[in-house]
Amino acid sequence: MARRRPHRRAARPPQAPKPPKEAQPLDAAVLSLADAVLARAEISRPGPHELVIDPLIDRASGTETATTRAMSRRIASVVRERHPSYRVQPFTLASLESKPLVLLGAITGVVEAGSLTNSTDKAPAAYRIWAVLADLSTGKVVAHETAWVRPDEVDTTPTAFNRDSPTWLDDPAAAAYLRVCAGNPGDAIDAAWLDGLKAEALITQATTAYEAGRYAQAKTLYANAKAAPKGAQLRTLNGQYLTASALGQPQEAERAFGQLVDYGLERKRLAVKFLFRPGVIEFWPDPAISGPYDMWLRQIASRTSADDACLDVSGHASTTGAASWNDRLSLMRAQAIRTRLVGEQPGLGARLKTEGFGASRPLVGTGRDDATDALDRRVEFEPRECRTG
């Protein structure tokens, strides 16, 4: 009788090494990151695996930039070219029905290559990029990898939608996304991100349509996103304002901007991207940029007045120039905005307080004084309780 050979388990294919901790060119860093996160993923079921990419973001601003957009595209190409056990699908409501894997990721400036310490007070010495895989079928994070990028390889220019959006704040949707990005294999996926996933898919489709000039389609998709769970968020409201403006609907655009102001007042913070001429307190003279500013100020003033709120108006500057001048300039710009608001609603005079933070709170920190760091030259509005007596 022949002896039975012992059963041997199939050898697991070798995992990709972890990305090196030195700063690399962007393409090399993204390639090593994608290879590692896909090869090392702890997935219990056999492939092939459906995979969608939730667009990668900048950690500080919570928005897409030229570099995060390029990272998303490169990762998709790596999946198609090098990882046949995964199948990239578009980020749509239909693709979510099969409970696919979702890839998320982010980028942030750090004090040095290999470090996890974010750079906050000067230009980054390197950038950290990271990606995670979230398995919708199990509700768990199944992979998390990190790489580092040379600073001269990173383009912080906002994508067209984020460049055009008039307002910014620390939005709960972006915070939920980043919580998923912080997860390690085996961690439960953040519930708030899961609840808003359908809205995220619609917003992604709407933004693609907006940037392609399909404004009517984008407007419908933003409306659908707003009606979805967790869909009443900043990107949706910015999208409704932008599409109404692009379609030549000024009254609807003003209503949409008013909703943006209400959204910020409810959350006790709203940053509006008023673009000033360098070194002065006058707005940028191009009507294509500053043309809507009168309407913005009118809505901020009227909504604040109706809300019976007091408001801290704070100016911010980019990181170029002397600190003393940036402090003074940011305060003067905040005071200029205050003057305009009081001109719209004289009753606000006693309820508005101004402060200049100079360059002490940058969100981008490149110091280029161009479109890449527009968020560093912002004016913020923070509602507070009015003191009496």
Side-chain angles (χ1 to χ4, degrees), residues 57-64 106 158 161-162 164-182 190-197 199-200 202-203 206-207 222-223 225-242 253-274 292 295-316 334 337-338 341 345 348 351-355 357 361-364 374-387:
I57 65 173
D58 176 81
R59 183 202 63 84
S61 66
T63 63
E64 287 187 86
F161 171 80
N162 292 292
D164 297 345
S165 295
T167 66
W168 175 88
L169 56 70
D170 294 321
D171 198 48
Y177 183 104
L178 290 170
R179 287 195 297 271
V180 180
C181 287
D190 182 80
W193 177 78
L194 283 173
D195 290 343
L197 199 52
E200 291 293 316
L202 289 165
I203 291 169
T207 301
Y222 283 124
K226 187 178 180 183
K230 303 287 185 179
Q233 56 178 271
L234 189 70
R235 284 176 299 159
T236 309
L237 300 176
N238 272 325
Q240 290 188 307
Y241 166 77
L242 291 175
E254 183 158 359
R255 284 195 298 271
F257 190 85
Q259 291 177 348
L260 279 165
V261 176
D262 288 342
Y263 186 84
L265 292 175
E266 290 170 5
R267 284 155 183 79
K268 306 301 182 185
R269 187 183 182 192
L270 183 68
V272 180
K273 293 185 285 186
F274 291 109
M295 181 272 284
W296 294 4
L297 290 161
R298 181 168 64 249
Q299 282 295 320
I300 294 168
S302 64
R303 302 282 173 148
T304 302
S305 181
D307 196 55
D308 202 27
C310 287
L311 209 61
D312 288 340
V313 183
S314 59
H316 299 262
I337 294 293
R338 180 190 182 280
L341 294 176
Q345 295 283 339
L348 291 176
R351 293 159 50 190
L352 302 180
K353 175 185 173 184
T354 58
E355 188 169 4
F357 287 98
R361 299 182 180 182
L363 292 170
V364 180
L375 274 177
D376 289 348
R377 303 186 305 279
R378 66 196 183 277
V379 175
E380 292 192 6
F381 303 91
E382 297 191 29
R384 57 180 168 80
E385 291 186 7
C386 296
R387 295 186 177 90

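FYI, side chains are in, hydrogens and waters are out, and symmetry mates aren't considered; it's all heavy atoms of this structure. Numbers here are sequence positions counted from 1.
- In this structure a side-chain-to-backbone donor-acceptor pair under 3.5 Å is missing from Thr354 to Ala334.
- Contact record, Ala199 with Pro229: CB-O, 3.6 Å, taken as the closest heavy-atom pair.
- Contact detail for Ala223 and Gln240: the closest heavy-atom pair is CA-NE2, 3.9 Å.
- Residues passing the salt bridge (Lys or Arg N to Asp or Glu O under 4.0 Å) test with Asp307, sequence neighbours excluded: none.
- Scanning both residues, Leu242 and Pro166, for their nearest heavy atoms gives CD2-CD, 4.4 Å.
- Arg303 CZ to Leu270 CG: the interatomic distance, rounded to the nearest 0.5 Å, is 12.0 Å.
- Partners of Ser314 according to the side-chain contact (heavy atoms from CB on, under 4.5 Å) rule, which considers only residues two or more places apart in sequence or in another chain, are His316, Phe357, Glu380.
- Looking at residues two or more places apart in sequence or on another chain, you find a side-chain contact (heavy atoms from CB on, under 4.5 Å) between Glu254 and Met295, Arg298, Gln299.
- Counting heavy atoms from C-beta outward, Leu237 and Leu260 have side chains that approach closer than 4.5 Å.
- With 3.5 Å as the limit, one finds a donor-acceptor pair spanning the side chains of Tyr263 and Asp171.
- Side chain of Arg351 to main chain of Thr304: a donor-acceptor pair is present (N/O by atom type, distance under 3.5 Å, no hydrogens or angles).
- Salt-bridge check for Glu200 with Arg235: passed, with a basic side-chain N closer than 4.0 Å to an acidic carboxylate O.
- Lys230 contributes no side-chain N or O that, together with a main-chain N or O of Leu197, makes up a donor-acceptor pair within less than 3.5 Å.
- Here the side chains of Thr63 and Phe161 are not in contact, with every heavy-atom distance at 4.5 Å or above.
- Pro172 has its side chain out of reach of Gln233: every pair of non-hydrogen atoms, C-beta onward, lies at least 4.5 Å apart.
- Of all the heavy atoms in Asp170 and Trp168, the pair that sits closest is OD1-CH2, 3.2 Å.
- By the 30° and 60° cut-offs, the orientation of the rings of Trp296 relative to Tyr241 is perpendicular.
- Partners of Asp164 according to the salt bridge (Lys or Arg N to Asp or Glu O under 4.0 Å) rule, which considers only residues two or more places apart in sequence or in another chain, do not exist here.
- In this structure, Thr207 contributes its side chain and Ile203 its backbone to a donor-acceptor pair below 3.5 Å.
- Taken from CZ in Arg378 to NZ in Lys273, the straight-line distance is 11.0 Å, to the nearest 0.5 Å.
- Across all their heavy atoms, Arg384 and Leu311 have their closest contact at NH2-O, 4.1 Å.
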Query raised in the report: What's the verdict on side chain to side chain contact (heavy atoms under 4.5 Å, CB included) for Asp312 and Phe381, showing C-alpha distance, side-chain angles and the deciding distance?
Result: CA-CA 6 Å; Asp312 288 340; Phe381 303 91; over 6 Å; no
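- In this structure, Asn238 contributes its side chain and Thr167 its backbone to a donor-acceptor pair below 3.5 Å.
- In this structure Asp195 satisfies the salt bridge (Lys or Arg N to Asp or Glu O under 4.0 Å) test with no other residue, sequence neighbours excluded.
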**Report entry** Working for side chain to side chain contact (heavy atoms under 4.5 Å, CB included), residues Gln259 and Lys226
**Finding:** CA-CA 12 Å; Gln259 291 177 348; Lys226 187 178 180 183; 3.2 Å; yes
Query raised in the report: Can you check side chain to side chain contact (heavy atoms under 4.5 Å, CB included) on Leu178 and Ile57, steps first, answer last?
Result: CA-CA 9 Å; Leu178 290 170; Ile57 65 173; 4.0 Å; yes
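- Distance check, rounded to the nearest 0.5 Å: CG of Leu169 to NZ of Lys268 gives 13.5 Å.
- Between Leu348 and Leu341 the shortest heavy-atom distance is CD1-O, 4.1 Å.
- Residues forming a side chain to side chain donor-acceptor pair (under 3.5 Å) with Trp193 (at least two apart in sequence, or on another chain): Asp54.
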